[in-house]
Structures are given as structure tokens and as C-alpha cells.
Amino acid sequence: DLIARETPHLIAAMEAYRQLIAKYDFAGAAVAIRKVNVTEPSLRQMQSNYQNAAAWLAEWKSTLIKDLNAHTYNGAVVVNDTQYSGITGATADKLRMKVPYGVAEMNWLKVPAPILLTISSSFATDADRQWRCGVFAWAIGQTEAAQKLLDAASSAKPSYREARKFFDQTKR
């Protein structure tokens with residue numbers, strides 16, 4: 001009875017969560033999933049897992065911004081048939097794309113998510129970065145990349161093994 005009563009509320013919150021994740025509003029997604037009041041233990045666990053994922057995604061973006069501002073990314077970045085020669089930095093709203101005679105700012109949403117995954121993975125030299133990249137890959141539906149990154153992270157850092165189960169059992 002409790003599951004039947006609470007599940008529709010959690011499903012509605014998860015839909016809002018997915019929409020916010022698609023906009024890279026990870027903090028908003030965490031709020032959307034946290035707002036729903038569920039008391040049934042399995043639903044509370046699911047809610048907690050999605051909150052954790054949103055927190056890791058927020059850390060993913062924050063870390064990528066720091067990495068891009070500190071080191072830049074020098075690989076090719078193709079957006080809408082235009083090739084940029086890299087990214088020189090980032091803010092919460094914009095990426096600074098390298099163009100032949102300077103820099104052009106671009107909204108994060110204009111850069112295809114798999115390209116952002118490639119860029120962030122290039123900086124993923126430790127278990128925590130691999131983990132966050134794996135969570136991002138899961139969030140954008142890149143299942144194979146997610147498995148590889150999450151496996152590498154949980155092998156290097158056993159504390160991720162329990163959380164890893166959620167990503168194996170859950171489609172974004």
C-alpha cells in the first residue's frame with residue numbers, strides 16, 4: 001500500500017530530475033528528487049541513490065570547470081559541423097572555445113554530451129574523477145563508457161563498490 005501510494009510521487013520527481021540533468025542543472029535535480037516525501041525503505045534508498053548521483057554530477061561539472069581553467073583542452077571539439085581546436089576555460093554557464101584568432105563562448109548545452117565525456121575523461125587520472133565521469137556517462141546514456149569508468153574507479157577505490165550496484169541496476 002505504501003509503495004503504491006508513494007511511487008507515483010517519486011516517479012514524478014524522477015521525471016523532473018531527468019529534465020534538469022539534461023540541462024546540466026545538477027543542483028536543481030538534487031532538489032527535485034529530495035523534495036519528494038517517501039517513507040517506504042526501498043523508495044527512500046532509490047531517492048538517496050539519485051541524490052548521490054546528482055551530487056557526483058555537480059562535482060563532475062565543477063571539477064571539469066577547474067580542469068579546463070587550469071590546463072585547457074587541446075583536442076578537436078566539433079559542434080554543429082564547426083571544429084574548434086580546444087577549450088581554454090569554462091564557467092558554470094559557458095565554455096570558452098578556441099577559434100583561430102581568439103576565443104568564442106558557447107553554452108554547455110550546445111556541445112554534445114559525448115564530447116564533454118571525452119574531454120572530462122582526458123582529465124580522469126584518479127579514481128574520483130573516473131567515478132564522476134562514469135556517473136556522467138551513465139546520465140547521458142553512454143552505458144559502455146559508464147561501465148568502464150565505474151569499473152576502473154571502483155577497482156581503484158573499493159568504497160565505490162556498493163554505490164556501483166545502483167548504476168548497474170538502473171537506467172538513467
Side-chain angles (χ1 to χ4, degrees), residues 1-69 89-95 105-121 123-124 126-154 157-172:
D1 184 45
L2 193 57
I3 288 179
R5 194 171 54 244
E6 293 182 348
T7 297
H9 300 290
L10 185 58
I11 289 172
M14 287 171 52
E15 182 55 35
Y17 174 96
R18 285 184 188 94
Q19 290 174 8
L20 291 162
I21 293 291
K23 297 175 186 174
Y24 302 135
D25 181 358
F26 305 126
V31 169
I33 203 75
R34 187 174 41 244
K35 278 192 329 190
V36 66
N37 185 23
V38 291
T39 57
E40 197 283 322
S42 67
L43 297 180
R44 287 190 62 77
Q45 183 61 52
M46 183 181 298
Q47 178 185 36
S48 175
N49 289 335
Y50 277 98
Q51 283 179 262
N52 289 341
W56 285 315
L57 289 166
E59 291 172 12
W60 168 84
K61 186 175 179 183
S62 173
T63 301
L64 181 55
I65 290 168
K66 288 176 192 166
D67 287 342
L68 289 170
N69 289 332
T91 66
D93 300 319
K94 304 281 183 185
L95 296 164
E105 287 195 339
M106 180 174 295
N107 185 301
W108 281 76
L109 292 174
K110 293 192 185 265
V111 179
I115 292 174
L116 291 174
L117 178 60
T118 298
I119 294 165
S120 63
S121 294
F123 295 110
D126 61 67
D128 293 327
R129 279 184 167 88
Q130 289 171 333
W131 181 258
R132 292 185 295 255
C133 286
V135 174
F136 181 69
W138 167 82
I140 63 170
Q142 299 286 310
T143 308
E144 189 174 316
Q147 288 175 343
K148 288 179 184 175
L149 288 159
L150 295 171
D151 285 347
S154 53
K157 191 171 181 179
S159 60
Y160 284 130
R161 288 190 183 137
E162 187 62 32
R164 174 80 174 84
K165 294 174 189 174
F166 167 73
F167 297 103
D168 287 337
Q169 299 166 352
T170 310
K171 301 283 186 227
R172 67 175 196 98

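All of these numbers come straight from a predicted model, not from anything done at the bench.
A heavy-atom distance below 4.5 Å is found between the side chains of Leu64 and Ile119. Side-chain contact between Leu57 and Ile21: present, with at least one pair of heavy atoms (C-beta onward) separated by less than 4.5 Å. For the pair Ile115/Pro112, a side-chain contact is recorded, criterion being any heavy-atom separation below 4.5 Å from C-beta on.
Relative ring orientation between Tyr17 and Tyr50 is described as perpendicular, the plane-to-plane angle rising above 60° on a 0-90° scale split at 30° and 60°. Relative ring orientation between Tyr160 and Trp131 is described as parallel, the plane-to-plane angle staying below 30° on a 0-90° scale split at 30° and 60°.
When the options Lys66, Arg129, Arg132 are evaluated for a salt bridge (charged side-chain N to carboxylate O under 4.0 Å, His left out) with Glu59, the one that passes is Arg132. Each of Ser154, Ser120, Cys133 was compared with Leu149 under the side chain to side chain contact (heavy atoms under 4.5 Å, CB included) criterion, and only Cys133 meets it. Just one of Trp56, Trp60, Phe166 meets the ring pair (Phe, Tyr, Trp, His ring centres under 6.0 Å) condition when paired with Trp138; it is Phe166.
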*asked:* Run the side chain to side chain contact (heavy atoms under 4.5 Å, CB included) test on His9 and Met14 for me, step by step, so that the C-alpha distance in whole Å, both residues' side-chain angles and the decisive distance to 0.1 Å come before the verdict.
replied: CA-CA 9 Å; His9 300 290; Met14 287 171 52; over 6 Å; no
*Evaluate salt bridge (Lys or Arg N to Asp or Glu O under 4.0 Å) for Lys157 paired with Asp126, printing each intermediate quantity in order.*
CA-CA 9 Å; Lys157 191 171 181 179; Asp126 61 67; over 6 Å; no
*asked:* Between Leu95 and Glu105, does the side chain to side chain contact (heavy atoms under 4.5 Å, CB included) criterion hold? Intermediate values first, please.
replied: CA-CA 6 Å; Leu95 296 164; Glu105 287 195 339; over 6 Å; no
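Salt-bridge formation is not detected for the pair Arg44/Glu40: no Lys NZ or Arg NE/NH1/NH2 atom is positioned less than 4.0 Å from an Asp or Glu carboxylate oxygen.
With rounding to the nearest 0.5 Å, the separation of CG in Leu10 from CD1 in Ile3 is 11.0 Å. Residue Leu43 holds its CG atom at 11.0 Å from CG of Asn37, rounded to the nearest 0.5 Å.
Of all non-hydrogen atoms in Ala4 and Pro8, the two that sit nearest each other are O-CD, 3.2 Å. Shown here for Ile33 and Gln51, the closest heavy-atom pair between the two residues is CG2-CG, 3.2 Å. The two atoms that bring Leu68 and Ala90 nearest to each other are CD1-CB, 4.0 Å, heavy atoms only. Contact record, Phe136 with Leu117: CE2-N, 3.9 Å, taken as the closest heavy-atom pair. Nearest heavy atom pair, residue Lys165 against residue Glu162, reads NZ-OE1, 3.0 Å. The two residues Ala153 and Ala127 make their nearest non-hydrogen contact at CB-O, 3.3 Å.
Annotation for Lys94: atom NZ counts as buried by contact number, over 12 foreign heavy atoms lying within 6.0 Å.
Side chain of Gln47 to backbone of Val36: a donor-acceptor contact under 3.5 angstrom is found. With hydrogens and angles disregarded, no donor-acceptor distance shorter than 3.5 Å links the side chain of Asn52 to the backbone of Ala163. In this structure, Gln142 contributes its side chain and Ala145 its backbone to no donor-acceptor pair below 3.5 Å.
Both tests pass for Lys61 against the ring of Trp108: distance under 6.0 Å to the centre and angle within 45° of the axis.
In the model, Asn49 has a side-chain atom that pairs as donor or acceptor with a side-chain atom of Gln45 under 3.5 Å.
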